[in-house]
Amino acid sequence: GRAVEQVPMRKRQLPASFWEEPKLT
Amino acid sequence: PWQGRSIASSKLRMLEFSAFLEQPQDPETFNKHLFVHIGQSNPTYSDPYLESVDVRQIYDKFPEKKGGLKELFDKGPQNAFFLVKFWADLSINLQDDSNFFYGVSSQYESSENMVITSSTKVCSFGKQVVEKVETEYARFESGRYVFRIHRSPLCEYMINFIHKLKHLPEKYMMNSVLENFTILQVVTNRDTLETLLCIAYVFEVSTSEHGAQHHIYRLVKD
């Protein structure tokens, strides 16, 4: 197995927009 | 005005980026499907600056040893570093067909005449699995130097990856695979080795009916 467990992206300090898919055409 | 508002450093600006599939319909026409796309933008001084992301939040998603993101960022210039979150458009039927063309095209401009090298590293769990290195020469057009990487063929690894991703039955499964899939593109002045642009790409699958989407962030270290 992997020695280091990665922190899920959802638990990182990222802007809210990082999870908001733009709905532009 | 594009500095801080688009993918641009003081030396080089990205004009366009796309990864696509061309499927011939008949001898004279073909369908072009864009998996990801950054189109031409012309920001003005009244547009807001890009949001920023602390580069340390994503160190482990990219190579960490010599020449890794940390070393590159510390070397600078820090205004050359960006994070792109792509929502890739996978709403296409893929069949194995040797007439299909998977490609990547990108364009850049600069006020300086130089030779650029673009390194693109595909990473799985932060470790490089494949790298493509391309060299481009400038063309003087309309008062600036333009660099075009036109229809660069997607490597076998990426084509297989897209096919495997498409075979997953649910979007959340694709996103779970994409959580550990990243791409690091570093554009360098070939002669001075100065970093001109460094773009970290991360992915989800688009749920939009309007095709591929993206957000661009500046990478910073506060």
Side-chain angles (χ1 to χ4, degrees), chain A, chain B residues 34 36-39 41 48-62 64 82-91 123-127 171-172 175-182 200-222:
Chain A
R2 297 190 173 273
V4 182
E5 190 71 22
Q6 287 202 340
V7 177
M9 290 297 271
R10 289 266 176 195
K11 293 195 174 170
R12 302 182 187 210
Q13 289 173 34
L14 296 165
S17 62
F18 194 86
W19 304 108
E20 294 159 4
E21 181 179 353
K23 298 294 178 194
L24 308 171
T25 53
Chain B
L34 297 173
V36 295
H37 180 233
I38 298 172
S41 70
Y49 282 111
L50 297 171
E51 286 184 276
S52 60
V53 164
D54 190 318
V55 68
R56 288 166 291 196
Q57 295 291 324
I58 59 162
Y59 273 163
D60 62 329
K61 293 281 172 190
F62 298 91
E64 291 188 273
F82 298 88
L83 170 65
V84 174
K85 165 78 178 272
F86 272 130
W87 283 267
D89 183 1
L90 293 179
S91 63
C123 306
S124 172
F125 290 92
K127 304 283 189 292
K171 280 209 169 113
Y172 79 87
N175 286 336
S176 159
V177 170
L178 288 171
E179 166 107 10
N180 298 303
F181 171 87
T182 56
Y201 299 98
V202 297
F203 301 84
E204 268 190 59
V205 179
S206 175
T207 54
S208 162
E209 290 164 12
H210 309 300
Q213 307 287 341
H214 66 273
H215 276 310
I216 303 169
Y217 302 93
R218 291 178 296 131
L219 284 172
V220 300
K221 198 189 266 185
D222 296 324

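- In this structure, no portion of Glu209(B) lies under 4.5 Å from any heavy atom of chain A.
- Between the side chains of Lys61(B) and Gln6(A), at least one donor N or O sits under 3.5 Å from an acceptor N or O.
- Residues from residues 52-60 of chain B that place a non-hydrogen atom less than 4.5 Å from a non-hydrogen atom of chain A comprise Ser52(B), Val53(B), Gln57(B), Ile58(B), Asp60(B), given in numerical order.
- To the nearest 0.5 Å, atoms CH2 (Trp19(A)) and CD (Glu204(B)) are separated by 5.5 Å.
- Counting only residues at least two apart or on different chains, the salt bridge (charged side-chain N to carboxylate O under 4.0 Å, His left out) pairs with a member in residues 210-222 of chain B are Asp74(B)-Lys221(B).
- Closest non-hydrogen pair, Trp87(B) versus Ser17(A), comes out as CH2-O, 3.9 Å.
- The salt bridge (charged side-chain N to carboxylate O under 4.0 Å, His left out) test applied to Lys171(B) returns no partner, not counting sequence neighbours.
- For the ring pair (Phe, Tyr, Trp, His ring centres under 6.0 Å) test, no residue two or more places apart in sequence or in another chain qualifies with Phe82(B).
- Checking side-chain atoms of His210(B) against main-chain N and O of Pro22(A) turns up no donor-acceptor pair under 3.5 Å.
- Within the 4.5 Å cutoff, the side chain of Thr207(B) has heavy atoms near those of the Lys23(A) side chain.
- The closest donor-acceptor contact from the side chain of Glu21(A) to the backbone of Ser208(B) lies under 3.5 Å.
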Given the rule in the side chain to side chain contact (heavy atoms under 4.5 Å, CB included) test, do Phe18(A) and Val202(B) qualify, once you have shown the distances and angles that lead to the verdict? CA-CA 10 Å; Phe18(A) 194 86; Val202(B) 297; 3.6 Å; yes
